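First comes the structure, then the notes that go with it.
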Amino acid sequence: MSTESNDREHAAYDFAHVQEKWLPVWDRIEPFKSGRADDMRPKKYVLDMFPYPSGDLHMGHAEAYALGDVISRYWVQKGFNVMHPIGWDAFGLPAENAAIKRNEDPRIWTYENIATQKASMRRFACSFDWDRVFNTCDPEYYRWNQWLFLQLYKRGLAYRKDSAVNWCPGCQTVLANEQVVAGLCERCDTAVTKKKLNQWYFKITDYADRLLDDMEQLEGKWPEKVLMMQRNWIGRSMGANVKFAIDGLPEPVTIYTTRPDTLYGATFFVVAADSELAAKLAAGTEVEKEFNEYLEKIKAASDIDRLATDRPKTGVFLGRYAINPVNGEKLPIWASDYVLADYGTGAIMAVPAHDQRDLDFARAMKLPVRVVVDTGEEDPNETGIATGGDGVLVNSQGLNGLKKEEAIQKIIAQLEKDGLGKASRNYRLRDWLVSRQRYWGTPIPIVHCEKCGEVPVEEKDLPLQLPLAEGLDLKPKGTSPLGAATDWVNVACPKCAGPAKRDTDTMDTFVDSSWYFLRYPSSTNHDEPFSRKDIDTWLPVDQYVGGVTHAILHLLYSRFFTKVLNDIGMLDFNEPFTRLLNQGMVLMDGSAMSKSRGNLVRLSDELAHHGVDAIRLSMVFSGPPEDDVDWADVSPSGSVKFLSRAWRLSGDVSSAPGVDFKSGDLSLRKATHKALNDASFAVESFRFNVAVARVMELVNATRKAIDSGCGAADPAVREAAEAIAIMLSLVAPFTAEEMWERLGHAPSVALAGWPEVDATLLVADAVEAVIQINGKIKERIEVSPTITDAEIEALALAHPTIVAELAGSTPKKVIARAPKLVNIVA
RNA sequence: GCGGGAGUGGUGAAAUGGCAGACACGCAGGUCUUAGGAACCUGUGUCUUCGGACGUGCGGGUUCAAGUCCCGCCUCCCGCACCA
């Protein structure tokens with residue numbers, strides 16, 4: 001061997017060259033093609049949340065795809081037919097805003113970015129099945145959005161109503177409840193206001209109970225945090241509806257309460273100031289003017305102001321009285337903004353003694369407070385603190401002496417018997433508002449006819465294509481830009497052929513993502529959104545990977561769609577994602593990266609400096625996948641160092657491929673099989689960082705074996721190097737492929753298969769046991785791993801150190817846990 | 001306010017109730033070198049009278065044994081936020 005080649009052997013390997021070398025090879029082999037007709041491997045569906053095509057991939061994408069790839073590539077190595085698809089969530093505001101700025105069709109920007117991201121994903125060695133790609137802005141995709149909309153419409157699950165909706169003045173469109181974050185628009189952070197509009201909704205509230213109860217199936221498989229967030233978001237509460245007669249009016253008013261046991265403690269009555277009921281009660285009375293002034297005032301207050309829970313209570317006495325059905329008392333009726341119009345019935349009985357908000361209002365308005373549950377706490381009249389806990393009922397006639405729960409049961413039974421009320425439940429969840437007054441989305445397939453009213457577009461006429469943007473003013477102005485596409489808008493009514501107009505709103509892009517995972521297995525199907533056969537083969541998704549930002553939006557909507565499709569009979573499962581992994585964010589110096597903050601790390605720069613494998617490795621090794629990664633804390637150059645160390649091993653191996661490992665050095669063989677076993681376990685429990693650590697240990701052990709142990713020719717060295725290449729292929733595919741070739745194998749290492757672990761090699765020859773006295777370590781001894789409790793106890797008690805420590809006294813108790821530990825209680 | 005999660009070396013982090021700090025980063029020293037931003041080796045929780053002692057946010061408890069389980073605090077992060 002010449003000095004020159006020796007130098008090359010020991011130089012750090014050229015990652016740029018290796019990357020260029022393998023990409024075309026993989027293009028040819030297509031190691032990750034799924035669902036070939038003759039494929040007999042068991043299936044797995046591993047899914048990464050699809051990206052929004054806004055510019056090139058960034059560090060966050062790199063983190064997510066690196067993690068998804070570990071899982072996907074692992075199952076391929078384990079012999080599964082893995083479908084790991086990708087597509088683009090391509091409709092939406094960023095494209096439209098970019099189009100306005102550049103004065104061109106959003107299609108151009110969108111498809112350009114998709115091409116850029118696709119090329120970057122290939123270079124990043126994402127193990128995607130490229131045959132299944134689609135974009136939600138393709139007519140071939142969104143026609144099925146429209147088709148699904150019509151199926152929901154047929155079943156009364158898509159409907160229009162007038163309502164006060166969330167309005168973003170920045171985006172000039174309405175927003176779903178889920179898209180309002182702390183009173184601000186999720187997209188642009190503008191303060192959201194209310195607007196009365198007629199809009200399309202999906203009736204997700206019909207599914208509230210199932211969305212809640214089916215979460216039982218996800219327990220332990222989804223992050224507890226996401227389940228908690230969904231539970232809170234749905235917010236089921238149990239209580240009762242109670243009818244209150246109104247003095248001087250023929251119709252009673254129904255209220256909702258979770259505490260019907262406190263009915264005798266009601267001292268006033270409140271209706272939501274912005275409800276129709278309040279307007280009706282005020283109409284024609286002497287307080288009408290005062291009420292209207294109050295209403296104007298609270299309408300002007302933004303949601304932000306409303307968020308301050310400690311702001312003083314306000315309201316107007318409406319001059320009317322409600323009659324308490326249990327004792328006939330006259331309760332003054334107030335209008336206030338602390339009662340919400342769209343929750344429950346928009347009216348409440350106020351029990352200030354046992355509800356803090358009612359108490360705050362009572363104190364502000366000098367209204368009486370009556371205790372009806374003795375909780376053992378101090379009088380709310382004096383402390384100003386309502387007592388909401390359990391206790392014994394007082395001042396409540398037939399309920400006196402009962403505990404809270406008993407009283408609730410008894411009063412509900414009584415109310416039902418008397419026809420004055422009934423048990424009821426309520427949800428925080430509201431119906432999903434799906435109309436948007438913007439251009440770049442799926443057109444709603446409804447025609448409005450002067451004669452026939454609302455008429456659905458016929459299924460055979462789908463897709464209802466979005467008109468070209470040319471000639472349309474896309475600038476946000478509060479009504480859909482589609483309204484100006486007169487040729488498109490004016491149509492013949494599908495029913496009577498008379499003059500009619502298309503609905504000009506587009507669908508929320510969350511509609512697109514609520515079912516896209518069902519489309520991948522059937523992505524080339526032109527006759528239906530997905531075929532039953534494909535669904536039965538691949539779904540549900542075995543492993544979903546994505547950010548926690550979608551904990552309630554996308555994940556709740558997808559669960560809803562799945563349940564609807566289950567009801568329609570298009571699929572036979574009711575939860576779409578069996579397991580969910582939420583990866584953390586990539587931060588820089590403790591905060592999210594942003595241009596304005598000046599802490600943006602460009603993925604392309606990092607890849608150029610350290611190579612794809614080192615960046616992927618750094619992401620995976622930095623810590624548990626759910627935790628955020630602070631890029632300031634990771635060392636990509638350390639990853640480069642490790643990868644070249646591993647790579648050098650493959651050049652040192654001097655035995656031939658196919659050599660029988662059985663004759664190899666036993667201690668290195670044991671290290672190899674332990675690493676394979678531990679790494680496997682770590683990957684399956686999402687501790688990818690630990691899996692990498694096990695590979696590092698094996699690299700270290702192999703280095704030592706070559707330099708100062710059994711030597712490079714020992715078969716165990718080859719076995720170790722091959723195992724390292726295979727394990728590394730999950731994280732560092734280029735390095736692993738290069739190693740595999742240098743070890744004399746044909747590509748691709750991705751399909752090499754996870755080596756069978758030999759259980760007999762997992763047993764160590766000797767293990768170190770500790771001997772404790774009173775829990776403190778006094779001595780360490782080498783023992784056989786198969787030693788019994790009695791044997792190890794005897795060894796411990798006979799050990800000179802222990803004999804000396806005990807100084808002749810008899811131990812009170814000896815706990816032996818062979819082969820690890822003996823604890824002597826002296 | 002309500003709900004959830006987390007606090008371990010200089011740093012990122014490991015640890016089925018059983019040896020706290022695996023694996024790395026960083027740092028220090030060394031070997032080889034014309035050179036080192038290469039490679040390799042050694043050391044690296046704190047205190048220490050060099051025997052050891054102490055050590056996982058704080059205070060209690062359960063246990064032969066607690067980073068891990070239980071109770072009460074403190075701090076930080078996330079979600080919801082007048083939902084009756």
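In what follows, chains are A, B, ... by sequence order, proteins preceding strands, each numbered from 1. Worth saying up front: this structure is predicted, and the values here are computed from it rather than measured.
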With a cut-off of 3.5 Å and sequence neighbours excluded, list every side-chain donor-acceptor pair involving residues 811-826 of chain A.
unit_1 : atom_1 : unit_2 : atom_2 : d
A/K812 : NZ     : A/A826 : O      : 3.1
A/N823 : OD1    : A/G775 : N      : 2.9

Nearest whole angstrom, please: distance from the [atom2] of [N] to the [atom1] of [X].
X      : N     : atom1 : atom2 : result
A/D678 : B/A15 : CG    : C1'   : 13 Å
A/N426 : B/A84 : CG    : P     : 8 Å
A/R425 : B/A84 : CZ    : C1'   : 18 Å
A/R817 : B/U63 : CZ    : C1'   : 12 Å
A/L556 : B/G79 : CG    : C1'   : 14 Å
A/W233 : B/G3  : CH2   : P     : 19 Å
A/N582 : B/G79 : CG    : P     : 13 Å

Those residues that, when tested against A/E216, pass side chain to side chain contact (heavy atoms under 4.5 Å, CB included) (two or more places apart):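 Applying side chain to side chain contact (heavy atoms under 4.5 Å, CB included) to A/E216 gives none.
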Watson-Crick and G-U pairing of RNA chain B written in dot-bracket, each distance under 3.5 angstrom, with | for inter-strand partners: (((((((..(((.....[....)))((((((.......))))))(((....)))..(((((..]....))))))))))))....
Reckon [X] has a side-chain N or O less than 4.0 Å from the OP1 or OP2 of [N]?
X      : N     : result
A/K813 : B/C64 : yes
A/R428 : B/A81 : yes
A/Y338 : B/A84 : no
A/S336 : B/C82 : no
A/R687 : B/A13 : no

Sugar-phosphate, base or nothing in reach of A/R430, heavy atoms under 4.0 Å: base
Sequence neighbours excluded, which residues qualify as ring pair (Phe, Tyr, Trp, His ring centres under 6.0 Å) partners of [X]?
X      : value
A/H550 : A/H554
A/F268 : A/F361
A/F269 : A/F244

Rounding to an integer number of angstrom, what distance separates [N] and [M] when you compare their [atom1] atoms?
N     : M     : atom1 : result
B/U75 : B/U56 : C1'   : 16 Å
B/G26 : B/A38 : P     : 9 Å
B/G10 : B/C69 : P     : 25 Å

Residue A/I815, side-chain atoms from C-beta onward, closest of B/G4, B/G79, B/G18: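 My answer, after comparing the listed nucleotides, is B/G18.
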Residue pairs, two or more places apart or on separate chains, that pass side chain to side chain donor-acceptor pair (under 3.5 Å) and touch residues 786-797 of chain A: A/S784-A/T786, A/T788-A/E791
Residue pairs involving residues 231-240 of chain A (criterion side chain to side chain donor-acceptor pair (under 3.5 Å); sequence neighbours excluded): A/E178-A/W233, A/D209-A/R236, A/D213-A/R236, A/E219-A/R231, A/S237-A/Y256, A/S237-A/Y343
Per-nucleotide protein contact string for nucleotides 19-27 of chain B, where B marks a base within reach and S marks sugar-phosphate only (heavy atoms under 4.0 Å, - for neither): BS-BBSS--
Side-chain donor/acceptor contact of A/N823 with base of B/C64 under 3.5 Å: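 Under the 3.5 Å cut-off, the side chain and the base do form a donor-acceptor pair.
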Whether A/D628 side chain and A/M585 backbone form a donor-acceptor pair below 3.5 Å: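 It does hold such a pair.
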